[in-house]
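Following: one structure in structure tokens, then a few remarks.
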There are 2 protein chains.
Amino acid sequence: MPYTYEYPRPALTVDCVVFGLDDQNALKVLLIQRRIPPFQDQWALPGGFVRMDESLEDAARRELQEETGVKGVFLEQLYTFGDLGRDPRDRVVSVAYYGLVNLTEYPIQAATDARDAAWFPVASPPYLAFDHPQILATALTRLQGKVRYQPIGFELLPAKFTLTQMQKLYETILGQTLDKRNFRKKVLKMGLLTPLAEVQMGVAHRAAKLYQFDLAKYQQLKEKGFNFEL
Amino acid sequence: MPYTYEYPRPALTVDCVVFGLDDQNALKVLLIQRRIPPFQDQWALPGGFVRMDESLEDAARRELQEETGVKGVFLEQLYTFGDLGRDPRDRVVSVAYYGLVNLTEYPIQAATDARDAAWFPVASPPYLAFDHPQILATALTRLQGKVRYQPIGFELLPAKFTLTQMQKLYETILGQTLDKRNFRKKVLKMGLLTPLAEVQMGVAHRAAKLYQFDLAKYQQLKEKGFNFEL
DNA sequence: GCTTAAAGTGTAAAATACACACTAAGAGAG
DNA sequence: CTCTCTTAGTGTGTATTTTACACTTTAAGC
């Protein structure tokens, strides 16, 4: 059943750059292995064609779930890539989204429709198809920019986490070490963390207190234009 | 000459939100009056369909020039709007760009291919077609965010300008008044302004010194990741 | 030369950012 | 059971940055 238009149209796709943090605090990105040409067997960002009855974000979520099993994550539009020649077959414009997940909840390569999906270190990704290296680089830059003035990263952490875990996350994303006392002062002063009556378990040293993110308070402060700069 | 595809494709357009500052320091946006349905005779953002042989940014620049005569301006991708029903005829996905121009150089309604083009106060725009109110609002928010940490706004000012003009611009965009002495200290400390041996002319009071923006220095500092926060 | 209008300029107080090192707690080994 | 190992947790003084604030200067128009 062919579809005919008076003028030619670029194909429209979405691609997802999903970041996760593994148990060694390494930042990872979720990739799939392409089953079909072009770039057959190469690794690429999960993504695919936008259908006529879904919004762009819906398309991104659907493709992400179909190809990797990951769903229900934080996703935000990143940038739209539309240069000529980014797909060798056809003119393809791709709306890229980036997302953050807590890797402990989305562990190994999930797979449904998926050929093969796996987490790769952001610092040393495999060769990527299309202009996906550029998309990944753009997403990383955006993540670094965002983390400075938005309490992102709660998406990347488990529901209950220690301040040290959080600090490590920030150090990983920003690529620099931070002072422990100053970091703790700042994040606690924001007032978005609820201390729990629980502590870490199974560690061979003093157990750290666990915290959780106060989503309600966050949204309340966000309404008021509060600045979450770290 | 029809074009046929195996699967249906959304139409792809670009829209431009071009801001300018008029001589009373009011922030304006460049709009066109639609000549054809839908939304015939209503005001809308300049924009149109992306061709197969041009990048997204090229398309934005081309449409902007065709419809308003404005060219050679600073343009940056804003966001891609792809919700269902944003165009009553067809599924249309639009990549929005925002731009800044010095209104004194692009004065009245330029027009080439244009039906009618004019500058409207951002504070009180006319009824806009499609989801263009939302696009305009997004662009304004982005502009406000950007102005805080990027020496934008040189795009909006004449080549030679006074510090008071620049301050008024910032006050207009941010919607708040700023302290004269502190503002001057900060912008001069950045070192991006070259003082000229010239002063304002034709004013009925003490003439202000003119400055120009040092583009070379700006790019040099930007390379180094310098922070231009005001 | 008097009026008017905006240009231009410095300092003190307050707030914020930064640097920095020791004690506390708990697990595991012996 | 005590010693060791490892990470948790905590406060202060100093430097820097940000803020608030008002008068003198200059030039044009009358």
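Both backbone and side-chain heavy atoms feed into the values below; hydrogens, waters and symmetry mates do not. Below, chains carry the letters A, B, ... as their sequence lines are ordered, and counting in each starts from 1.
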- Query: What integer distance in Å separates B:E198:CD from C:dA7:C1'?
  - Reply: 17 Å

- Query: Side chains of A:E63 and A:Y97: do they bring a donor and an acceptor to under 3.5 Å?
  - Reply: no

- Message: Can you identify which nucleotide, out of C:dC20, D:dC21, D:dT10, has its nearest atom closest to the A:D179 side chain?
- Response: C:dC20

- Query: Is it true that B:E198 and B:K160 have a side-chain N and a carboxylate O under 4.0 angstrom from each other?
  - Reply: yes

- In whole angstroms, how far is the P atom of D:dT16 from the CD atom of B:E229? 19 Å

- Between D:dA27 atom P and B:L210 atom CG, what is the distance in whole Å? 14 Å

- Backbone N/O of A:L178 and side chain of A:E171: donor-acceptor pair under 3.5 Å: yes

- Query: Does A:R184 put a side-chain nitrogen or oxygen below 4.0 Å from OP1 or OP2 of D:dG9?
  - Reply: yes

- Distance-only donor-acceptor test, B:R181 side-chain atoms vs D:dA22 base atoms, 3.5 Å: yes

- Heavy-atom donor-acceptor pair, B:K189 side-chain to D:dT16 base, under 3.5 Å: no

- Kindly check if the number of other-residue, nucleotide or ligand heavy atoms within 6.0 Å of NZ (B:K146) is above 12? yes

- Task: Check the distance between D:dT18's P and B:F183's CZ and give it to me in whole angstrom.
- Result: 14 Å

- Sidechain-backbone polar pair: A:R61 side chain, A:V73 backbone, donor-acceptor under 3.5 Å: yes

- What is the distance, rounded to the nearest whole Å, between atom CG of B:N182 and atom P of D:dA22? 13 Å

- What nucleotide among D:dG9, C:dC20, D:dG11 has an atom nearest to a side-chain atom of A:K209? D:dG9

- For A:E76 and A:Y98, test the side chains for any donor-to-acceptor distance below 3.5 angstrom and give the result as yes or no. yes

Protein-nucleic acid N or O pairs under 3.5 Å, nucleotides 24-30 of chain C:
unit_1, atom_1, unit_2, atom_2, d
C:dA24, N3, A:R206, NH1, 3.2

- Message: Looking at D:dA8, I'd like to know if its phosphate oxygens (OP1 or OP2) sit under 4.0 Å from a side-chain N or O belonging to A:T164.
- Response: yes

- Roughly, in whole Å, what's the span from NZ in B:K168 to P in C:dA7? 7 Å

- Message: At less than 4.0 Å, is any side-chain N or O atom of B:K186 found next to OP1 or OP2 of D:dT19? Yes or no.
- Response: yes

- Message: Under a 3.5 Å distance rule, please check whether B:T172 uses its side chain to pair with a backbone N or O of B:N25 as donor and acceptor.
- Response: yes

- Item | Integer-rounded Å distance: C:dA5 C1' and B:K180 NZ | 10 Å

- Item | A:Q200 CD - D:dT7 P separation (whole Å) | 10 Å

